[in-house]
Structures are given as C-alpha cells and as structure tokens.
Participant: 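This structure is in structure tokens; I'll ask about it shortly.
Only heavy atoms go into these numbers, but all of them, side chains included; no hydrogens, no water, no symmetry mates. What you see is a predicted model; the values in this text were computed from it and never measured. Labels below follow one simple rule: chain letters A, B, ... track the order of the sequence lines, proteins then strands, and each chain is numbered from 1.
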2 protein chains.
Amino acid sequence: MLSQTEENYLKALFYLTSENADKSEAGTNELAATLNVKPATANDMLKKLKEKKLVNYERYGKISLTNSGKKQAIDIVRKHRLWETFLYEKLEFTWDEVHEVAEQLEHIHSPKLIEKLEKFLNYPEFDPHGDAIPNAKGELKVQARKTLSEMAVGKTCKLIAVKDNSASFLQYVMKVGLGLSSKIKVISRQDFDGTLEIEVNGKKSVVSQKFADNLFVV
Amino acid sequence: MLSQTEENYLKALFYLTSENADKSEAGTNELAATLNVKPATANDMLKKLKEKKLVNYERYGKISLTNSGKKQAIDIVRKHRLWETFLYEKLEFTWDEVHEVAEQLEHIHSPKLIEKLEKFLNYPEFDPHGDAIPNAKGELKVQARKTLSEMAVGKTCKLIAVKDNSASFLQYVMKVGLGLSSKIKVISRQDFDGTLEIEVNGKKSVVSQKFADNLFVV
DNA sequence: ATATTTTGTTAGGTTAATCTAACTTTATAT
DNA sequence: ATATAAAGTTAGATTAACCTAACAAAATAT
C-alpha cells in the first residue's frame with residue numbers, strides 16, 4: 001500500500017503530465033516545486049517510484065507515469081473530487097473551502113467507503129469546481145465544465161450552474177440579469193485582465209474575470 | 001499539531017486509564033501492547049509526550065494523561081464516534097465495519113469539518129456501538145450501564161451497546177445472533193466461571209463471562 | 001529476605017522522508 | 001562553439017517512529 005507521501009507524488013505527476021494535451025512528461029524541479037520539497041527529495045522519491053513500477057524515469061530524463069501509476073493517481077483524484085462534492089453538497093462547505101480538507105480525506109484507504117460515498121452522493125459527474133469525477137474504473141466520461149471566462153468572444157452560451165454560492169455573489173449574478181438557463185453573449189474581452197462585456201436578455205454588463213470564473217456554462 | 005501516531009498514543013492512554021473508575025494510570029508494557037509496538041518504542045514516545053505536557057510520567061512510574069492530553073484524547077474519541085455514526089447512518093456500513101475506517105477518519109484535522117459533520121448527523125448522542133459521543137467541549141455524560149454478565153438468571157434484557165469493538169469480538173457477537181436492540185434472555189449461569197446460557201430470537205447460545213462483560217444492556 | 005519474574009529503560013540501529021552542499025549533465029545564449 | 005545558466009543528481013545529515021539486545025528497578029513468591 002502506498003504512503004500518503006507517495007500518493008501525493010503520483011497525484012502531482014498526474015496533474016503535471018496532463019495539464020495540456022501536448023505535455024505528457026515532467027521534470028524533477030517542477031515536481032519538487034509542486035510538492036514544496038527540494039529537488040533532491042523528489043529525486044529520491046522518483047527512484048523509489050520507479051522501483052515500484054509507478055513512474056518511467058531514467059537519469060537526467062523526463063518523468064512520466066506508468067499505466068499502473070496513472071491508475072493509482074486517477075483513483076486519488078477520484079477520491080479527492082468525491083470528498084469535495086460531499087463537503088459541498090452535504091456539509092455546506094463553500095466551493096473554496098473544500099480543497100484543503102479533501103487533500104486529507106483523499107488518503108483514506110477503504111474501497112468500500114468510496115463506493116458507498118459515491119452512491120450516497122448519487123454518482124455525481126462533477127465536483128464543486130466543475131471538474132469531472134472519474135468513475136470506479138478510472139474512466140473520465142465527461143469533460144470538465146466550462147466557465148464563462150473561457151468562452152470565445154462573439155459566442156453565446158447558457159448558464160448551467162454557479163460555482164460560488166455566497167449571498168454576495170448570487171446577488172451580483174441577479175443584478176446582471178442572470179438565472180439558470182440564461183443565454184449569455186460574450187461581446188468583448190480585455191486581454192489585460194480578462195474583463196468581459198456580456199449581454200443577457202438584451203442587457204449589457206461589464207464583469208470581471210473573477211466573476212466569470214464562477215459561472216458554469218455550456 | 002499532533003502526528004497521527006501521537007494521537008493514537010493519547011487515545012490508547014485515554015482508554016487504558018478510564019476503563020474502570022478505580023484505574024487512572026497505565027504502564028509502559030500495557031500501552032505498548034495496546035498499540036502493537038515494543039515497550040522501548042512506547043517509552044520513547046512517553047518522553048516526547050511528557051515534553052509536550054500531554055502525559056504525566058516519571059521514570060519507572062505510572063502514566064496518566066494531563067488535562068491537556070485528556071482534552072486532546074477526548075477530541076479524537078469524539079471524531080471517531082461521529083465518523084462511525086456517519087458511516088453507519090448515512091453510508092449504510094454495518095456496525096462491525098465502522099471501526100476500522102473511523103480509525104483513519106479520526107485523524108483528519110479540521111474543526112470545521114467535525115462541526116459540520118455533527119450538525120449534518122443532527123447532533124447524535126451515541127455511536128453505532130452505543131457509546132456516548134463527547135460534545136464539542138469534551139463533555140461526556142457517562143451513564144452507568146449494566147453488562148450482560150450482571151443480569152440475573154431468568155431476566156430478559158435489550159442490547160444497547162458493546163464495550164469492546166475489536167473485529168474479532170464484533171464478529172463473535174454477530175455469530176450469536178446479536179445486534180443492537182436484540183432481546184436477550186439469561187437462561188443460566190455457571191458460578192464457577194460466569195459462563196452464561198442465553199437465548200436470542202429463539203436461538204440458544206453459551207457465552208463466556210468475558211464475552212458477557214462486553215455487552216451493555218438495559 | 002532473597003531469588004525470580006515482571007516491568008521498564010537505555011543504547012544503538014533501521015527506514016522513510018526530508019534537508020544542504022557539492023557536483024554533473026543538459027540547455028541556452030552569444 | 002563554448003561559456004554560462006538551468007536542471008538534475010549524489011553524498012551525507014536529520015527527524016520520527018520503529019526495532020533488538022542488554023540492563024535496571026520493582027513486584028512477587030517461596
């Protein structure tokens with residue numbers, strides 16, 4: 001069984017090697033920085049994980065996860081996202097509070113627990129951040145949810161959910177004339193700070209990137 | 001912040017020093033045996049916990065928890081029992097499955113999580129084993145509960161809790177056909193060793209005093 | 001009252017995960 | 001094309017939690 005530390009290295013490698021489609025390998029320093037350890041420490045662990053056949057690694061070479069390593073990493077991500085969903089849906093944590101606690105909960109070892117938790121949550125597809133939750137086989141059937149801030153200028157989209165549930169944010173959302181299923185047209189974007197000009201039911205508004213980050217759209 | 005290991009030592013000491021009213025101190029070997037470590041290991045840890053003012057300890061002397069140590073121990077017990085309740089009530093774990101997973105969950109550090117979990121469970125008073133759950137202030141209303149071994153021959157009683165929650169004991173309990181709220185009739189007692197003949201749902205069994213000592217009834 | 005057993009302690013060693021400092025290899029820039 | 005910078009590695013220490021083996025103190029049994 002893997003230690004929490006080993007699990008964290010696998011998870012970090014998973015994220016580093018799947019940030020973009022074009023990137024599937026990572027470096028020692030990069031990994032070390034992600035985990036807030038020194039490169040020497042990461043280097044030791046890489047040797048250990050190579051020994052356990054969880055990473056592909058050669059001296060001075062790039063690092064990637066083996067199939068086995070990837071499988072384990074995805075399982076940790078799955079646990080993390082299910083716990084985040086639990087905290088958000090059942091315990092009324094706000095979306096920005098869930099991550100920290102899930103970082104701990106993801107290391108609980110009990111397949112039965114995760115199976116039952118997933119059932120209890122009614123097999124959710126997305127976590128509170130809009131990221132897709134892998135199923136028990138490690139398959140990701142859906143894409144992560146898009147936020148308004150990712151929409152191209154000129155496109156029209158539909159609001160399907162909000163990330164933040166705070167009163168202040170929701171009041172702001174209403175003030176802009178938005179509700180679930182509202183059609184939103186992106187009129188322009190400021191490259192400098194991501195500020196958007198949008199149109200909802202014929203009403204134009206200017207909103208910050210931070211605001212747009214909190215709206216899930218299709 | 002305490003490590004999981006330190007927390008486990010405090011918890012073990014809490015149980016060892018509060019098993020009976022007459023016993024409020026424990027020994028090194030006893031503690032080591034409880035935690036499945038060697039006495040030398042426990043001895044090292046005792047020095048460390050003394051340094052942190054969590055235990056009262058002098059060379060060759062008996063061990064007890066300080067107020068601070070006791071407070072922390074109770075908090076771990078509280079978390080353990082709340083998690084057991086969650087697993088049992090919400091995730092449909094059976095009462096003999098909850099302990100093992102709660103042993104992991106009790107070490108999650110997040111006051112907010114426990115606060116919200118307790119609220120979600122509607123401030124339960126007892127865990128699935130019938131043990132009282134300390135409140136956020138560490139207060140525990142201990143009620144004098146009879147054990148099956150104290151019941152008079154011919155009387156019928158109801159199982160409300162178990163004292164021991166090791167897997168082997170719990171499996172034995174189930175084998176005899178017992179569950180929470182089971183009606184138990186005491187048919188006979190051997191004066192020599194306290195062995196009891198009991199009847200549960202029409203099924204007769206012979207159980208040891210040690211076994212009966214671990215069942216709380218009303 | 002003393003020998004024996006039980007209990008507790010110490011010294012010294014191991015492993016996992018971390019560090020610093022020095023070194024080597026690879027990449028970059030002129 | 002080679003000097004410099006960046007990235008990666010190694011060696012040697014440290015800390016927490018564990019171990020074994022040897023020893024010391026306390027309890028017990030005759």
Participant: Are a donor atom and an acceptor atom from the side chains of A:H129 and A:H99 found within less than 3.5 Å of each other?
Facilitator: no
Participant: Look for any protein N or O under 3.5 Å of an N or O in nucleotides 9-13 of chain D and output each such pair with its distance, or none.
Facilitator:
{"unit_1": "D:dT9", "atom_1": "OP1", "unit_2": "A:Y57", "atom_2": "OH", "d": "2.3"}
{"unit_1": "D:dT9", "atom_1": "OP1", "unit_2": "A:Y60", "atom_2": "N", "d": "2.8"}
{"unit_1": "D:dT9", "atom_1": "OP2", "unit_2": "A:T28", "atom_2": "OG1", "d": "3.0"}
{"unit_1": "D:dT9", "atom_1": "OP2", "unit_2": "A:N43", "atom_2": "ND2", "d": "2.3"}
{"unit_1": "D:dT9", "atom_1": "OP2", "unit_2": "A:Y57", "atom_2": "OH", "d": "3.2"}
{"unit_1": "D:dT9", "atom_1": "O5'", "unit_2": "A:N43", "atom_2": "ND2", "d": "3.0"}
{"unit_1": "D:dT9", "atom_1": "O3'", "unit_2": "A:R59", "atom_2": "NE", "d": "3.4"}
{"unit_1": "D:dT10", "atom_1": "OP1", "unit_2": "A:R59", "atom_2": "NE", "d": "2.7"}
{"unit_1": "D:dT10", "atom_1": "OP2", "unit_2": "A:K47", "atom_2": "NZ", "d": "2.6"}

Participant: Within less than 4.0 Å of OP1 or OP2 of D:dC18, is there a side-chain N or O belonging to B:Y9?
Facilitator: yes
Participant: NZ of B:K50 versus P of C:dG8: gap in Å, rounded?
Facilitator: 16 Å
Participant: Take atom NZ of A:K38 and atom P of D:dT14, then tell me their distance rounded to the nearest Å.
Facilitator: 18 Å
Participant: Indicate yes or no: does B:K11 engage B:E6 in a salt bridge with an N to O separation below 4.0 Å.
Facilitator: no
Participant: Return the value, rounded to whole Å, for the distance between atom CD of A:E51 and atom P of C:dA16.
Facilitator: 12 Å
Participant: In whole angstroms, how far is the C1' atom of D:dG8 from the CG atom of A:L31?
Facilitator: 12 Å
Participant: So, B:K204 and B:E197, do they make that salt bridge, N to O below 4.0 Å?
Facilitator: no
Participant: B:K62 NZ to C:dT7 C1': how many Å, rounded?
Facilitator: 8 Å
Participant: Kindly assign one of parallel, tilted or perpendicular to the pair B:F211 and B:F169, based on the angle between their ring planes and the thresholds 30° and 60°.
Facilitator: tilted
Participant: Figure out the CD/P separation between B:E25 and D:dA27, and round it to whole Å.
Facilitator: 12 Å
Participant: Tell me whether B:E118 is salt-bridged to B:R78, with the criterion being a basic N under 4.0 Å from an acidic carboxylate O.
Facilitator: yes
Participant: If I take atom CG in residue B:L35 and atom C1' in nucleotide C:dG8, what distance separates them, rounded to the nearest angstrom?
Facilitator: 16 Å
Participant: Heavy atoms only, 4.0 Å cut-off, all strands: where does B:T41 land among base, sugar-phosphate and nothing?
Facilitator: base
Participant: Is it the case that the side chains of B:H107 and B:E7 hold a donor-acceptor pair, with the cut-off being a distance below 3.5 Å and no angle test?
Facilitator: yes
Participant: What is the distance, to the nearest angstrom, from the CD1 atom on A:I63 to the P atom on C:dT26?
Facilitator: 15 Å
